Amino acid sequence: MTTAAPEPKANMGQPIPRYDAVAKVTGKAQYAADVPLPRPAYAYLITSAIAKGRIDGFDLSEVGKLPGVIAIVTHEDAPKLKEAKFFSNGGYISTTNQPLKSAEIAEEGQIIGVVLAESYEAAREAAHRVRVSYTPANPTASFDSPGTTAARAKGQLAMFRDDPKVGDFTKAFAEAEVQFEGSYETPTQHHNPMELFATSCVWQGDQLVIYEPSQYVHGLKNGVATQLGIDADKVRVVNSYVGGAFGSKGSMTPRTAIIASLARELRRPVKLVATRDQGFNIATYRAETRHRIRIGARRNGKLTALHHEGVELSSRADAYAVGGTKTTTRMYDCPNVDSLVSIVRADRNTPGFMRSPPEVPYMFALESAMDELAYLLRMDPIELRRVNDTMKEPIGGKPYTSRSLMACYDEGARAFGWQDRKAQPKSMADGDWLIGYGCATACYPTQMAPAAARVRLQRDGRTRVEIAGHEIGTGAYTVIAQAAAERLGVPVEQVSVFLGDSDLPPAPVAGGSNSTASTCSAVMMVCDQIRQRLFKAVMPDANLVDKAKETVGIGRTPATDAARSGQALDREKAFDAMGVSVVEEYGEWKPDGAPMDSFRAMHNGQMRMVGGPEFKNGIAYAFGAEFVEVRVNRWTHEIRVPRLLGAFAAGHIMNPRTARSQLLGGLIWGMSSALHEATEIDERYARYVNDNLADYLVPVNADTPDVEVILISEQDNKINPMGIKGLGELGNVGTNAAVCNAVFHATGQRIRKLPIRLEKLEI
Ligand code: MOS
C-alpha cells in the first residue's frame, strides 16, 4: 500500500457535494426530452413482431381518420439514409442493420415504421392500430439454437486484435501437479437506464439541433451528419444531463438519423420517446457468454498454466465481442497462458457496451475458477491470489504502473471480518440460514483519450469551463469544477461548468471509465496555460516564469508552486498588470501513447482510447477486492445478501463522495447481476420476454441492506498528470463471482450459470 500525497488544502480530493445536486433534487435539471420545442410532431415507433422474415404489407384501415395523425412512414416511403460504419470498427453506429431500408426483418423489435402525430397519445394509438402482415422465417435465438454460425473473434473486429498467449499451455497443463477445469455462463442483460431512449430533432434552416441522451455528443454529431450526408458542422447535439446510460448511449443508434430526416421532411421539430420495451431492441445490451477455464497449478497454489476460452453472442449484421481475455490472461502471474474468443451469430439485435463490458463476464469465470481452485487446494482464497500476485503482466512482460490488489484484499478482509470464516463449506449457520462468505478480485483498465477544453477566468475569480464531456450521473460536473478551482486557486463555488453540447470543445465518449482522467487532465492543462499568463504578468523574472510553466504534478497546486517560488500569485494584480478583466484559453490534451491522428479524430468524433494492457508506460488497471456475505434459507433456498464490502484502489480520487457513490452502485449492480438480472428469451421466436421493469428483476432497498466502500490510497505518476484511474466500471467487476463463491461456501453447491436463482439450489 502506498501513502497519499498530503491532501491539498483546496478542492481536489475533497468530498464536496455534487455540483448538480440542487438542480437534480429540485427537478430543474433538464433532460433531453424535457426541452420544450416549438410546435413539435410526436413520433411513435412501430416495431417488428417477428425476428426474421419479411414484411408483406401494412393495413392502415383501422387507423382510419384518427384525429391528429400526420403521417405513417414505412420502408416504402422513408427518407433514404447513407451508411454509417460500426462503432466498434472505428465508426459511429451501434448496429449496421439500418431499419426502414427494405421489407427484410433481421431482428425482433426492428423499427419498421414511424407514426407522426400532433400528440404522443395519437401517435401511440395509431401505431397500435397498424396491422402488419409478415412472411416469417425461423429465427435463431441463441447459442444452442439451430442455424448459428461461430467463428474466431480475431480478425472480425478492430477492438479485439488478438488472442493473448504466452509459453506452452498444453504441456504445462498436462504436467501440472493440480488440474482444474470449469465452464461458466452469463445471461443476456439489458442496461435499463431510467431515462428512456429519447430523441428530439429541430432544424433551423440547414442547421440541425438534436436533444438526445448520449455518452458521446461528438460521436453522435458526426455519425448523424454521415447518415444524412451533411456537413458535421451543421449538427449540434445537446444534453446537459443524461439519466443513466451504462454504455447503452455510447454509440449512435439508428433512430436518430431517422427522426432527423423526418423532421427535415416535415419542416417541424419531431420528438421521440421510445418506450421501455422498445429500448430492449432499438439499443444495445450485454449478450450472453460462455467460458471454459483450465488451470494448472502447483500444490502451493502457484499457477503454471491458464487457458480461457470465451464464446459470445452477436447479431447477423455485426461481429461484436467484448473479448475479456485481454484482462483475464494478465491478472495473475502464470508462465503458460492461452486463450480464444469466438463469436456466435444469431438473429438478434447487435449487442454492445454495458458497464465493464469485458470484465464482468470474463472475470466472473476467472474468479469463480480461482475460488474453485482454492477449495481444491484447501487454501484460503485470498492466499491463492497473494501467491499469484504480480507487478508484471505475463503476456507481454510489461510492469503494472501501480497495483494495490493485495492491499485491497488485506484492508477489505479486515473490515469484513474474513478471519471469522470457517474454511469448510456449509459449516456456518444461523438457525435456518446457511451463511457463506465469498470474495473476488475487481479490476478495470485505466483508459484515457484526447480531450479539449476552454476556460475563462475573470478578475473577480469567476470561472467558466467548457468541455463537451458528459454528466451521466457520475459526478462529471463536480470533479471538473474541482480541477479548475484547484488549478486556478479560486473557490469551487465560483466555477461554472458547461458539458453535454457538441458546440463545446470535444471530449471523448463517457465510456471505458476514461472521463475523469481525460476531461480533468485537459481542463487542468488549460488552467495551467491561464496561470502561466498570469505569472508572466506579475513575475517577469525568467526563472520564476519557467518554474510556473512546469507541469504541475501530484499534490502540487498553484499555491504550493507560488510558495516554492517565494511569491504568491496575486490574481487581481496580474489582471491589472495585463490591463484586462478576462483571460481565456483553449487547449487540446492527449495521453501518452495516443496516436498521431488523435486530435483530428477527436474533432471527427472517433475514439482514440489508450490504456489498459496496451498502455505505453506499462499495464494500467485499477483494482479492488470484494467481499460478500450470503444467507441461504435451508428450506426455501431463498438467498439474501446482508453485507457487501469492496476495498478499491484507483489512483488519485478526485472526489471521495462521488467515487464512493459510483462504487456503491457498482457493488449493488454486481450483486443484482449475480442474483436477479437476466433477459429471458423465447427461443422459438428469438424474442425478449421480460422487456419491462416489472419482469426484469432488479434489487430494491430491501435486497441491499449494508454496503461498504473502502478507498485505498494509491499514487501513480505514470498514467496521467494527476494519477487518476477510472473507477465508474470498477465496482461491478468481480461481484458476480464473489456472490457465487459465497453461495458455494454457504451451501457446498457451485453455481456456474448466472443468475443464481433459488430453483438452481439443491441443498
Ligand atoms: Mo461504459 S459500458 O464504457 O459506458
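Keep in mind the model is a prediction, meaning the values are calculated, not measured. For reference, positions follow the sequence shown, starting with 1. Scope of the values below: all heavy atoms of this structure, side chains included, with no hydrogens, waters or symmetry mates. Atoms within a ligand are numbered from 1 in the order they appear, just like the ligands themselves.
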Handout entry: Worked verdict on Asn192 versus Val698 for side-chain contact (heavy atoms from CB on, under 4.5 Å)
Key = CA-CA 10 Å; Asn192 280 304; Val698 292; 5.9 Å; no
Practice task
Applying salt bridge (charged side-chain N to carboxylate O under 4.0 Å, His left out), name anything that partners Asp592, two or more places apart in sequence or on another chain.
Solution key: none
Problem - Under 3.5 Å: donor-acceptor pair, side chain of Gln110, backbone of Ala106 - result: yes
Practice task
Would you check ligand 1 and list the protein residues that come within less than 4.0 Å of it by any heavy atom, ordered by chain and number?
Solution key: Gln215, Phe246, Gly247, Phe353, Met354, Arg355, Pro357, Ala510, Gly511, Gly512, Glu729
Exercise for the section: Say whether, by atom type as modelled, one donor and one acceptor occur between the side chain of Asn732 and the main chain of Leu667 under 3.5 angstrom. Expected result: no
Practice task
Side-chain contact test, heavy atoms from C-beta onward, threshold under 4.5 Å: evaluate it for Thr253 versus Thr284 and give yes or no.
Solution key: no
Problem - Steps toward salt bridge (Lys or Arg N to Asp or Glu O under 4.0 Å) verdict (Lys398, Glu393) - result: CA-CA 6 Å; Lys398 282 172 140 189; Glu393 59 94 0; 5.9 Å; no
